[in-house]
Q: 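Dropping a structure here in structure tokens format, bear with me for questions.
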Amino acid sequence: MAKPGRSCPRHYRYSPAVFARPADIEARSLYVVGGLYGNPFALEAVLDLARREGATLVFNGDFNWFDADPTEFREVNDTVLRHVALRGNVETEIAGEDSGAGCGCGYPEWVGDGEVERSNEILERLRETARGFPDLRARLGGLPMHLVAEVGGLRVGIAHGDAESLAGWQFSQEALRKRPERARALLARAAIDVFACTHTCLPVMQDFATPRGTALVVNNGAAGMPNFRDMRFGFATRIASVPSTQALYGARLGAVVVEAVPVRYDHDAWLARFDRVWPAGSPASLSYRKRIASGPGYDVEQALRTSSSTGALPRAA
Ligand SMILES: [Fe+2]
């Protein structure tokens, strides 16, 4: 039997063909915000980014994680649920009582057992907080798993994991490097031009030749945590017809730019808040504090994998 945190529950799955449908929403400028992880300062920052250009926000799951404090939990969810939102494995698991899936992360073999066990402990504590908010729990459990958006004539598939599972790892930077042919097949069946995802915690942007033409997978990593070595900000994926002056990197696809835009939150305030809720020795501190303080061992050059045909944009920073 699969261990909690390692498995990908059956109800997490969908066919890539679900994306081959008319768009659910249309936007001129779209921010896809994955992995906010309960960081209220990052939430403030993305709301500000979107407000400045009248952009549409889509939160594609795991907007909860470190927000085990009840007041914070209420505030993060009340705010996020005013926008378009999809559920991630965290929302799905805290909405229910099934402890068999653990955190529902579907962790692959390259993530160690200690980390998986600590994720299950974090989930348990967060679920305990969620039990105090049955109204929010019901709303989280009722969120959809996937969305199709249209931006500048391009079809954008959005989910938390990949094109066949809420917690899939096929669009992680590791799997895209090892098994690009698998990703290409999923994109072709989904009939989309851009697939925006998150869940696997590290950003990546990679293009593929599909029957529709060039398709792009863009994983924002985390909106609420640093994503690269020595960088102290999160990322959101921006898809729009006009480039952003804020983007760290991006690619052009037809009439649209797809960019990794920094989510510049108050780092010191976030670290202090994190330490208060998850003190030294707690599972979240052991698994995430180092990353929150100084970023993971991962660099921009590893994330940007677009061929010249899509045209990499110059970096803004
Ligand atoms: Fe996730």
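Each ligand, and each atom within it, is numbered from 1 in the order the structure gives. Computation of the quantities below employed the complete heavy-atom set of this structure, encompassing side-chain atoms and omitting hydrogens, waters and symmetry-equivalent molecules.
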Q: Might you point out which heavy atoms bring Ser172 and Trp110 nearest each other, and give the distance in Å?
A: OG-CZ2, 3.8 Å
Q: Can you see whether Tyr107 has Arg6 sitting over its ring - NZ or CZ less than 6.0 Å from the centre and within 45° of the normal?
A: no
Q: Without swapping roles, check the side chain of Trp278 against the backbone of Phe66 for a donor-acceptor pair under 3.5 Å.
A: yes
Q: Name whichever N, O or S atom of His199 ends up nearest to the Fe ion (ligand 1).
A: ND1
Q: What is the name of the N/O/S atom of Asp62 that is nearest to the Fe ion (ligand 1)?
A: OD2
Q: Flag Asn89 as yes if one of its N/O/S atoms falls below 2.8 Å of the Fe ion (ligand 1), otherwise no.
A: yes
Q: Give a yes/no answer: is there an N/O/S atom of His160 under 2.8 Å from the Fe ion (ligand 1)?
A: yes
Q: Ignoring hydrogens and geometry beyond distance, is a side-chain donor-acceptor pair present between Thr198 and Asn220 at under 3.5 Å?
A: yes
